[in-house]
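Order of the sequence lines fixes the chain letters, A, B, ..., with proteins taken first and strands second; residue numbering starts at 1 for each chain.
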Amino acid sequence: MPEKVVTRFAPSPTGYLHVGGGRTALFNWLWARCKGGTFILRIEDTDLKRNTPTAAKQVMQDLRWLGIEWDEGPEVGGPNGPYLQSERIDIYDRYVRQLLDAGKAYYCFETSEELDALRAQAEAQKKGFVYPRPQRFPSEQDVAKARADGKPVTVRFALPMDKPLVVEDVIRGRVSFHPAELGGDFIITKSDGFPTYNFACVVDDHHMKITHVIRGQEHLMNTPGQKALWEAMFPGRPTPQYAHMSVTISDTGGKLSKRERPQTLRTAIEKMPNVDIEKLAQVGGITADELKSFLKAQTTPDIPMIEAMAEHLGVRLPEINIVDFFHSGYLPETLVNFLALLGWNPGDQREILTVEELIRSFDLTRLTKSNSLFDRKKLLAFNTEHLRIEPPEKVLKHFKAYLAEIGSPVLKADDATLSRILQLCEGARTFEDVERKSAFVFVEDDQIEFEDKAVQKVLFKDHALEILGEVRGKLAERDPLTEHGIEEMLRGLAEQRQVGLGKVAQPLRVALCGTTISLPIFDSVSMLGKERALRRIDLTLQRFEATGQGQAE
RNA sequence: GCCCCCAUCGUCUAGUGGCCUAGGAUAUCAGGUUCUCAUCCUGGAGACAGGGGUUCGACUCCCCUUGGGGGUACCA
């Protein structure tokens, strides 16, 4: 009977979950789910400098949005806790003690500066740096003395140097390393008493009985050291199986990094002819000097400020974090499907898969070796498809969450109306499209903002205002107002005037919405109702008839 | 610099020595449907990085070159 699969996702809490992290989490989760195993969330918060207090919460929120639920971990508990490494220090200490007593690890007292100097020296001689292991390991007395002298105390693992370290990787096969190439003995306890990643990871993977470690290829070089550590601490126990996945690259060039969003904004501002620096800084909630410094690429304001300024300027920032996709109106099912297909495929020609299908088809042996670009255009196509195939209740739920997130007036609508809107927007690419097409229904009649371009192109052309007047008259006569009736009336009018339906529908659309884009015109009218529709037409006629043809306000 | 990984249409990929005249998706181009936007339908163009081997036969196996990615921390 094969042992039960246990996987884990082990993020360090430094901010929102980004696309790469989401993908790593997803593959681990998928593997656990398709094997009926356990998926553990473990927070690797051993770097006091980098961790932010809210980051772990953000990561968990993002995972939940994706639908990735953990069987063990923070907030849900489990038999192998605690799941925050910062709360497991005594466990690590115990193993360090053991290693020390067995002569497999030893104390060191160099400062970072001294280490840097040694590395520089090695580099000057064009040699790879290998930490020089002392002949005699320092004693506890030496440690006490070092501490008294104010020297930093760390612990290094004595890496067996005699034989090559071989890693069997599920994706990459057998990979061999020479201990010296790894830099020799590495630190397992930092001078602040916290374990390093490579050490804590091994202890926890053993304690939590992890069977498969699925992670990015950036960890491949850590694996031989971890394996050696494992053998020193848990001899005879099999290590987890390792699978080092390809990484995901940005389609805007280079790495998929958090810097991309500020960078995009900076580039956009540079290309703009005359930007009001004062005003923009005010919108972003920063000083003009801070903004100037940002533009000179000297500093970077926080993301909310970047976002506020981008929105003000109408600049689209590339999505990097999982939460960015939520904000842009994507379904989590789309992300899950798309991310799963970056470096994996079901082996047949299917591409659009639901989460259930993904779980059913997943297979760790079908992972791709080469890196892949994150193609946002293809993601958009996937979202269009998922909007169509996911159950309407599910879509509605996500749509409401989206509306709440962006603070849309459409939030005022009841579920039935929302469902109808969603149905009318069949073929939409994101919730953003749906919101934009339907928002007009939920703003006050006299609060409609007229897009200048729409007014010029539609209202001031081809006797549009005259037609609009006629539409108004016929609309007033109709009672009761039905969609069918509206259609009949508009089509009749177009035919009568010997013009296409567009010549009638577009002026009406602009009158109702202020823009040229909205829900289908018959539904637009019926959703507003007769009174509000008439009122909007009147307001439009009043406002633009006086202005005269060919002139906008 | 050293070490490790990778290499098929623009992009994501199928392909495990003959099923390949290299398949699908997306993007793109042309045409069509349509009240706007989007969808949708039809069709087109588009790839085995280069060079050596091995073999009756290489996209598939080996070597080199080139290119890309990662690592080289008291970060994870």
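Using a 4.0 Å heavy-atom distance criterion, A/Glu44 is classed as a sugar-phosphate-only contact. A/Thr516 comes within contact range of at least one nucleobase, with a heavy-atom separation under 4.0 Å. Residue contacts shown for A/Glu487 are absent, as no nucleic acid heavy atom lies under 4.0 Å away. Residue A/His219 is classed as a base contact, given a heavy-atom separation below 4.0 Å to a base. In this structure, A/Arg42 reaches neither bases nor backbone, as no heavy-atom distance under 4.0 Å exists between it and the strands shown. Among the atoms of the strands shown, none is found under 4.0 Å from any heavy atom of A/Asp116. Within 4.0 Å (heavy atoms only), A/Phe374 reaches no atom of the nucleic acid at all. Among the protein residues, A/Leu220 comes within range of the sugar-phosphate backbone only, with heavy atoms under 4.0 Å from sugar or phosphate atoms but none that close to a base. Counting any heavy atom pair closer than 4.0 Å across all strands shown, A/Thr14 reaches no nucleic acid atom. Heavy atoms of A/Pro11 sit nowhere under 4.0 angstrom from any nucleic acid atom. In this structure, A/Gly502 reaches the sugar-phosphate backbone alone: every heavy-atom distance under 4.0 Å involves primed, P, OP1 or OP2 atoms, never a base. Residue A/Asp375 is classed as a base contact, given a heavy-atom separation below 4.0 Å to a base. At the heavy-atom level, A/Gly343 lies under 4.0 Å from the strands shown only through sugar-phosphate atoms. Within 4.0 Å (heavy atoms only), A/Arg436 reaches sugar-phosphate atoms of the nucleic acid but no base atom.
Using a cutoff of 4.0 Å between basic side-chain nitrogens and carboxylate oxygens, A/Asp47 and A/Arg50 are scored as salt-bridged. Salt-bridge annotation for A/Arg8 and A/Asp204: absent, with no side-chain N of the basic residue lying under 4.0 Å from a carboxylate O of the acidic one.
If you check B/rA30 for Watson-Crick or wobble pairing at under 3.5 angstrom, you find it paired to B/rU42. Pairing for B/rG1 is with B/rU72, a Watson-Crick or G-U wobble pair whose two hydrogen-bonding atom distances lie under 3.5 Å.
Proximity of a side-chain donor or acceptor of A/Asp363 to a complementary backbone N or O of A/Thr365 within less than 3.5 Å is detected.
Not a single donor-acceptor contact under 3.5 angstrom links the side-chain atoms of A/Asn198 to the base of B/rA76. Evaluation of atom-type donor-acceptor distances gives a pair under 3.5 Å for the side chain of A/Glu351 against the base of B/rG24. With hydrogens and angles left out, the side chain of A/Lys378 and the base of B/rC12 share a donor-acceptor pair within 3.5 Å. In the interface, the side chain of A/Ser191 is paired with the base of B/rC74 through a donor and an acceptor atom under 3.5 Å apart. Remark: the A/Arg172 side chain and the B/rC5 base include no donor-acceptor N/O pair separated by less than 3.5 Å. One can find a donor-acceptor pair under 3.5 Å joining the base of B/rC37 and the side-chain atoms of A/Lys437.
Taking atom C1' on both nucleotides, B/rC4 is separated from B/rC37 by 50 Å, rounded to a whole Å. Nucleotides B/rU60 and B/rU16 place their C1' atoms 7 Å apart, quoted to the nearest Å. On the C1' atoms, B/rU34 is 10 Å away from B/rU39, given to the nearest whole Å. Taking the P atom of each, B/rA58 and B/rC2 are spaced 35 Å apart, rounded to whole Å. Only the C1' atoms considered, B/rC9 is 10 Å distant from B/rC48, to the nearest whole Å. Across the P atoms, B/rG52 and B/rC29 are found 39 Å apart, a figure rounded to whole Å. Rounded to the nearest Å, the gap between the C1' atom of B/rC62 and that of B/rG1 is 28 Å. Comparing the C1' positions of B/rA14 and B/rA76 gives an interatomic distance of 35 Å, to the nearest angstrom.
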Chi angles and distances behind the side chain to side chain donor-acceptor pair (under 3.5 Å) call for A/Asp169, A/His244: CA-CA 7 Å; A/Asp169 188 274; A/His244 288 93; 2.7 Å; yes

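Note: CG (A/Leu422) to P (B/rU39) measures 17 Å, nearest angstrom. Whole-Å rounding puts the A/Leu342 CG to B/rA25 C1' distance at 13 Å. Between the CG atom of A/Asn371 and the C1' atom of B/rU13 there is a distance of 14 Å, given to the nearest Å.
Comparing B/rC74, B/rU39, B/rA14 by their closest approach to the side chain of A/Glu426 singles out B/rU39. The listed nucleotides are B/rA27, B/rC35, B/rA14; the one nearest the side chain of A/Arg509 is B/rC35. When distances are taken from the side chain of A/Leu115 to each of B/rC74, B/rG70, B/rA76, the shortest belongs to B/rC74. The listed nucleotides are B/rU36, B/rC75, B/rA76; the one nearest the side chain of A/Tyr197 is B/rA76. Distance from the side chain of A/Ser372 is smallest to B/rC12 among B/rA76, B/rC12, B/rC35. Nearest to the side-chain atoms of A/Val247 among the listed nucleotides B/rU39, B/rG69, B/rC37 stands B/rG69. Residue A/Asp47 places its side chain closer to B/rC75 than to any other of B/rC75, B/rA27, B/rG15. Closest to the side chain of A/Ser112, out of B/rU13, B/rC74, B/rC40, is B/rC74. Checking B/rC74, B/rC5, B/rG10 against the side-chain heavy atoms of A/Gln217 singles out B/rC5 as nearest.
Using a 4.0 Å cut-off, some side-chain N or O of A/Lys190 falls inside it from OP1 or OP2 of B/rC75. Taking 4.0 angstrom as the limit, A/Asn345 places none of its side-chain polar atoms (N or O) nearer than this to OP1 or OP2 of B/rU13.
With A/Phe186 as the partner, the ring pair (Phe, Tyr, Trp, His ring centres under 6.0 Å) test is satisfied by one option alone out of A/Tyr197, A/Phe129, A/Phe157: A/Phe157.
Here CG of A/Leu387 is found 10.0 Å from CD of A/Glu333. Values are rounded to the nearest 0.5 Å. A distance of 11.0 Å separates CD of A/Gln85 from CZ of A/Phe199, quoted to the nearest 0.5 Å.
Two rings, from A/Phe27 and A/Phe362, have their centers less than 6.0 Å apart.
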